[in-house]
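Heads up: the structure comes next, in structure tokens.
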Amino acid sequence: MTDDSKPAAQGLNFIEAIIEADRESAKHGGDVVTRFPPEPNGWLHIGHAKSIALNFGLGLKYGGRTHLRFDDTNPLTEEVEYVEAIQNDIKWLGFDWGKHLYFASDYFEKMYLYGEELIKMGKAYVCSLSGDEVSEYRGDFFKPGKDSPYRERSIDENLQMFRDMRAGKFKDGAHTLRLKIDMASGNPTMRDPPCYRIRRATHHRTSDAWCIYPLYDYAHCISDALENITHSICTLEFESHRPLYDWVLEQLRTIPPGAPVAAPTGQPHQYEFSRLKLNYTVMSKRKLLQLVTEKHVSGWEDPRMLTLAGLRRRGYTAESLRAFATSVGVTKNDSWTDMGVLEGAIREDLNLRAPRAMCVLRPLKIVIENYPEGEQETVDVQNHPLKPELGTRKVPFGREIYIEQEDFQEVPPKGFFRLQPGKEVRLRGAYFVKCERVVKDADGAVVEVRCSYDPSTRGGDSPDGRKVKGTLHWVAAATAVDVDIRLFDRLFSVEQPGTDRDFLLDLNPHSLETLQAKGEPMLASSSSGQHFQFERTGYFFADPKDSKPGAPVWNRVVGLKDSWAKEQRADVRAVGTAQGADVRAVGTAQKR
RNA sequence: UGGGGAAUCGUCUAACGGCAGGACAACGGAUUCUGAUUCCGUUUAUCUAGGUUCGAAUCCUAGUUCCCCAACCA
């Protein structure tokens with residue numbers, strides 16, 4: 001997929017630059033080992049895709065490897081359901097951890113022994129302050145913390161108590177093991193952080209083997225070191241945790257030979273990049289979970305959700321997501337990516353991938369008066385104009401057909417070149433038709449348009465060389481199949497949901513519209529998981545969950561770009577502002 | 001009145017003392033049996049103020065703005 005003929009678009013991202021410098025200096029023996037460390041407490045979303053693509057991409061690019069490690073140190077929120085879903089999503093995205101599947105819980109025994117060693121070194125102590133007291137003693141940003149009264153417990157007592165913690169001799173929350181660092185540090189993370197808490201909860205892997213569990217800051221760096229991770233890449237909010245990450249490993253490296261547990265071999269370094277922020281959506285797992293549990297969406301796999309599962313079901317391809325992840329770049333800038341970039345990525349992919357079909361979303365009946373009654377024929381239509389090798393298909397045509405309601409205007413606006421009284425358009429792959437008259441109901445609404453056709457234009461070209469401006473998609477009424485369609489819009493109606501109020505208030509009430517359309521017969525037999533471009537309307541995907549054999553349900557992945565619609569909107573705006581406009585504007589011509 | 005980060009077209013991102021480049025968006029045009037795609041073109045940026053230098057987005061000084069940190073969450 002690389003194109004060396006392109007002029008250097010280069011510029012490594014800053015992590016690649018670090019890695020290349022490290023390889024240059026033979027740091028880590030030139031190895032590159034990264035890891036993707038999800039906590040199994042929710043489904044993966046588009047933001048994770050950026051991290052996955054980064055970590056696995058680096059492993060691939062530099063001939064190293066990437067581990068999948070579940071960061072499962074909090075049994076209260078973690079479940080196997082998530083472990084499975086996460087693996088599923090990563091594989092679907094196209095990445096492979098090979099045999100390198102790990103769990104932080106695999107290291108619980110070692111982590112515990114490291115705790116004992118830290119106690120023996122005088123670097124950790126059992127603290128018996130309550131949660132409230134701990135935060136009180138911690139101070140705040142401007143006020144240094146105070147030492148815990150338990151800070152100077154003897155090594156023997158600490159060791160005994162830590163063992164008793166493990167043995168289940170204390171109530172939940174009665175004690176913690178804390179690292180002895182510096183209660184006056186300007187960085188709150190370094191104010192004697194707890195590294196073990198007592199918590200009787202069944203763990204999804206270790207069951208009830210443990211009643212104490214390590215905390216993130218302690219567990220993560222140790223896991224990285226045990227796996228010989230070289231570049232431990234995380235998001236910006238962990239930046240202030242890096243001194244602690246380094247501190248723990250530094251202590252552990254001093255474990256003497258012959259101790260019950262050997263010092264970890266790896267010397268990983270943590271690097272931080274900015275997480276993906278996309279407008280018109282929310283990314284936090286807490287909010288996504290809330291959308292699911294409060295049933296604002298149908299589940300983690302709702303096609304409007306920007307979870308990987310939701311996007312997959314919506315019809316996004318793994319390729320498009322990987323391309324998107326690459327296109328947003330990797331920096332430490334706090335930035336917002338426009339949803340349009342994601343939509344562009346899937347359009348670009350599907351434009352090449354998806355065969356074309358015709359489907360009329362909001363039908364308007366056309367009767368071709370000079371077409372023989374009772375007669376029917378088939379016309380050949382290209383399956384993919386960009387790929388002639390995909391051939392053509394037979395599409396039935398007849399006297400009565402449907403076109404899109406918006407493709408006819410009795411009183412057309414300026415620039416409209418679709419069907420209108422007295423004018424001729426092309427029905428794709430079929431004939432030129434001309435609007436002769438309009439049939440209205442009692443209220444004056446157009447219910448049917450009467451046309452004539454030119455039999456000599458069969459196939460869509462006129463022998464006399466006359467041109468038409470418009471080409472419409474259509475479906476023959478007699479053979480049309482009813483098609484279930486779901487049109488999705490952005491889940492939220494504002495760029496940054498929840499900025500100054502509850503994010504749920506920013507939900508877009510029109511994010512889902514279902515309708516029954518008229519499609520060409522082929523669409524009834526399409527199998528789930530298939531993509532089409534419905535010509536002139538958008539890219540659609542047969543929903544893998546809701547489709548039944550012979551009755552696919554079509555998700556609109558994304559609409560086609562529509563510069564006509566955009567122009568119309570611009571005209572509306574222009575008219576709106578012109579009314580209030582001031583004539584003085586004429587005078588600006590004198591400038592310069 | 002702490003600690004840690006970040007500031008480049010509208011957006012995202014390059015440039016590492018030597019012509020501020022690319023992508024997306026926008027706008028204009030060409031082609032088109034999809035008002036799609038494709039192609040061509042145009043507009044738009046170095047947070048501010050000083051300094052060093054032949055030369056500063058880049059180095060120095062001072063300032064401004066924004067983000068993160070006060071779970072026994074990750």
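If you're wondering where the values come from, they're calculated on a predicted model, not measured in any experiment. Basis for what follows: all heavy atoms, side chains included, without hydrogens, waters or symmetry-related copies. We name chains A, B, ... by the order of the sequence lines, and we start the count at 1 in each one.
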Task: Integer angstrom distance from the C1' of rA70(B) to that of rU1(B) - done: 14 Å
Please write out each protein N/O paired with an N/O of nucleotides 27-30 of chain B under 3.5 Å, distance rounded to 0.1 Å.
residue: rC27(B); atom: OP2; partner: Lys566(A); partner atom: NZ; Å: 3.3

Open item on the list: Quick check for you: to the nearest 0.5 Å, what is the distance between Leu177(A) atom CG and Leu118(A) atom CG?
Closed with: 7.5 Å
Open item on the list: Using a heavy-atom cut-off of 4.0 Å across all strands, would you classify Leu342(A) as base, sugar-phosphate, or nothing?
Closed with: nothing
- [ ] Output all residues satisfying side chain to side chain contact (heavy atoms under 4.5 Å, CB included) with Cys221(A), sequence neighbours left out; order by chain, then residue number.
- [x] Tyr245(A), Val248(A), Leu249(A)
Task: Distance below 4.0 Å between Asn333(A) side-chain N/O and rU13(B) OP1 or OP2 - done: yes
Task: Rounded distance (nearest 0.5 Å) linking atom CD of Glu272(A) with atom CD of Glu237(A) - done: 9.5 Å
Task: Toward the 5' end of RNA chain B, by each residue's nearest nucleotide, Ser327(A) or His220(A) - done: Ser327(A)
TODO: Could you give the distance separating rA74(B) and rU38(B) at their P atoms, to the nearest angstrom?
DONE: 46 Å
Open item on the list: So, using side chain to side chain contact (heavy atoms under 4.5 Å, CB included) as the criterion, who are the partners of Asp182(A) when residues are at least two apart?
Closed with: Ala184(A), Ser185(A)
Task: Distance (rounded to the nearest 0.5 Å) between Tyr402(A) OH and Leu364(A) CG - done: 10.0 Å
Task: Sugar-phosphate or base contact per nucleotide [nucleotides 64-70 of chain B; S, B, -; heavy atom under 4.0 Å] - done: ---SSBB
Open item on the list: Using atom P in both nucleotides, what's the gap between rC9(B) and rG3(B) to the nearest angstrom?
Closed with: 29 Å
Open item on the list: Going by the glycosidic torsion and a 90 degree boundary from 0, is the base of rA71(B) oriented syn or anti?
Closed with: syn
Task: Under 4.0 Å protein heavy-atom contact, by nucleotide of nucleotides 34-40 of chain B - B base, S sugar-phosphate only - done: BBSS---
Task: Heavy-atom closest contact (Arg178(A) atom, Arg191(A) atom, distance) - done: NH2-O, 3.6 Å
TODO: Using the test ring-ring contact (aromatic ring centres under 6.0 Å, His included), find all partners of Phe534(A) that sit at least two apart in sequence or belong to another chain.
DONE: Phe540(A), Trp554(A)
Open item on the list: Once you apply a heavy-atom cut-off of 4.0 Å, does Thr176(A) come out as touching a base, just sugar-phosphate, or nothing?
Closed with: base
- [ ] Determine the interatomic distance between C1' on rA25(B) and the same-named atom on rU42(B); round to the nearest Å.
- [x] 14 Å
Task: Set of salt bridge (Lys or Arg N to Asp or Glu O under 4.0 Å) partners for Arg69(A), sequence neighbours left out - done: Asp224(A), Glu227(A)
- [ ] Sticking with atom C1', work out how far rA26(B) lies from rC68(B), rounded to a whole angstrom.
- [x] 34 Å
TODO: Write down the distance between CZ (Arg35(A)) and C1' (rA74(B)), rounded to a whole number of angstrom.
DONE: 12 Å
TODO: Could you tell me which residues satisfy ring-ring contact (aromatic ring centres under 6.0 Å, His included) with Tyr216(A), sequence neighbours excluded, listed by chain and number?
DONE: His220(A), Phe238(A)
TODO: May I ask you to decide if the ring planes of His67(A) and Tyr102(A) are parallel, tilted or perpendicular, using 30° and 60° as cut-offs?
DONE: tilted
Task: Distance, rounded to the nearest Å, where Lys332(A) contributes NZ and rU8(B) contributes P - done: 16 Å
Open item on the list: Side chains of Phe408(A) and Arg418(A), heavy atoms from C-beta outward: is any pair under 4.5 Å?
Closed with: no
- [ ] Quick one: label Asp461(A) by what it contacts on the DNA or RNA (base, sugar-phosphate, nothing), any heavy atom closer than 4.0 Å.
- [x] base
Open item on the list: Quick check for you: among rA6(B), rA74(B), rA14(B), whose closest atom lies nearest to any side-chain atom of Tyr216(A)?
Closed with: rA74(B)
Open item on the list: If I take atom CG in residue Asn279(A) and atom C1' in nucleotide rC24(B), what distance separates them, rounded to the nearest angstrom?
Closed with: 13 Å
TODO: Using only side-chain N and O atoms of Ser130(A), determine if any of them is under 4.0 Å from OP1 or OP2 of rC72(B).
DONE: no
Task: Which residues share a side chain to side chain contact (heavy atoms under 4.5 Å, CB included) with Leu58(A), sequence neighbours left out - done: Ile15(A), Glu16(A), Ile19(A), Thr34(A), Leu54(A), Tyr62(A), Ile233(A)
Open item on the list: Nearest whole Å is fine: how far is rC72(B) C1' from Tyr125(A) OH?
Closed with: 13 Å
- [ ] Find the distance Leu179(A):CG to rC72(B):P and express it as a whole number of Å.
- [x] 13 Å
Open item on the list: Just to be sure I understand the rule, does Gly344(A) reach a base, reach only the sugar-phosphate, or reach nothing, if contact means heavy atoms closer than 4.0 Å?
Closed with: nothing
Task: Whole-angstrom distance between rG10(B) and rA45(B), as gauged at atom C1' - done: 10 Å
Task: Separation of atom CD1 in Ile15(A) from atom P in rA14(B), rounded to whole Å - done: 11 Å
TODO: Check the distance between rC12(B)'s P and Phe273(A)'s CZ and give it to me in whole angstrom.
DONE: 16 Å
Task: Between Asp132(A) and Ser130(A): side-chain donor-acceptor atoms closer than 3.5 Å - done: no
Open item on the list: Show me, range against range, the stems involving RNA chain B, built from at least 3 consecutive Watson-Crick or G-U pairs below 3.5 Å.
Closed with: B:2-7 with B:64-69, B:10-13 with B:21-24, B:26-30 with B:38-42, B:47-51 with B:59-63
Open item on the list: Which is more 5' along RNA chain B, the nucleotide nearest Glu239(A) or the one nearest Gln382(A)? Just name the residue.
Closed with: Glu239(A)
Task: Side-chain touch Arg362(A)/Glu404(A), heavy atoms, less than 4.5 angstrom - done: yes
- [ ] Using a heavy-atom cut-off of under 4.0 Å over every strand shown, decide if Gly340(A) touches base, sugar-phosphate, or nothing.
- [x] nothing
TODO: Could you please name the option among rC72(B), rC12(B), rA6(B) that lies closest to any side-chain atom of Thr337(A)?
DONE: rC12(B)
TODO: Not counting sequence neighbours, which residues clear ring-ring contact (aromatic ring centres under 6.0 Å, His included) with Tyr196(A)? List them please.
DONE: Phe162(A), Tyr218(A)
Open item on the list: Check the phosphate of rA6(B) against Ser274(A), side-chain N and O only, distance under 4.0 Å to OP1 or OP2. Yes or no?
Closed with: no
Task: Between rU48(B) and rU11(B) - P atom distance, rounded Å - done: 15 Å
TODO: Determine whether the side chains of Ser128(A) and Arg153(A) contain a donor N or O and an acceptor N or O closer than 3.5 Å.
DONE: yes
TODO: Round to a whole Å and report the spacing from CZ of Arg242(A) to C1' of rG3(B).
DONE: 13 Å
TODO: Please state the P separation for the pair rC16(B) and rC24(B) - nearest whole angstrom.
DONE: 24 Å
Task: Listed partners of Ser135(A) passing side chain to side chain donor-acceptor pair (under 3.5 Å), at least two apart - done: none
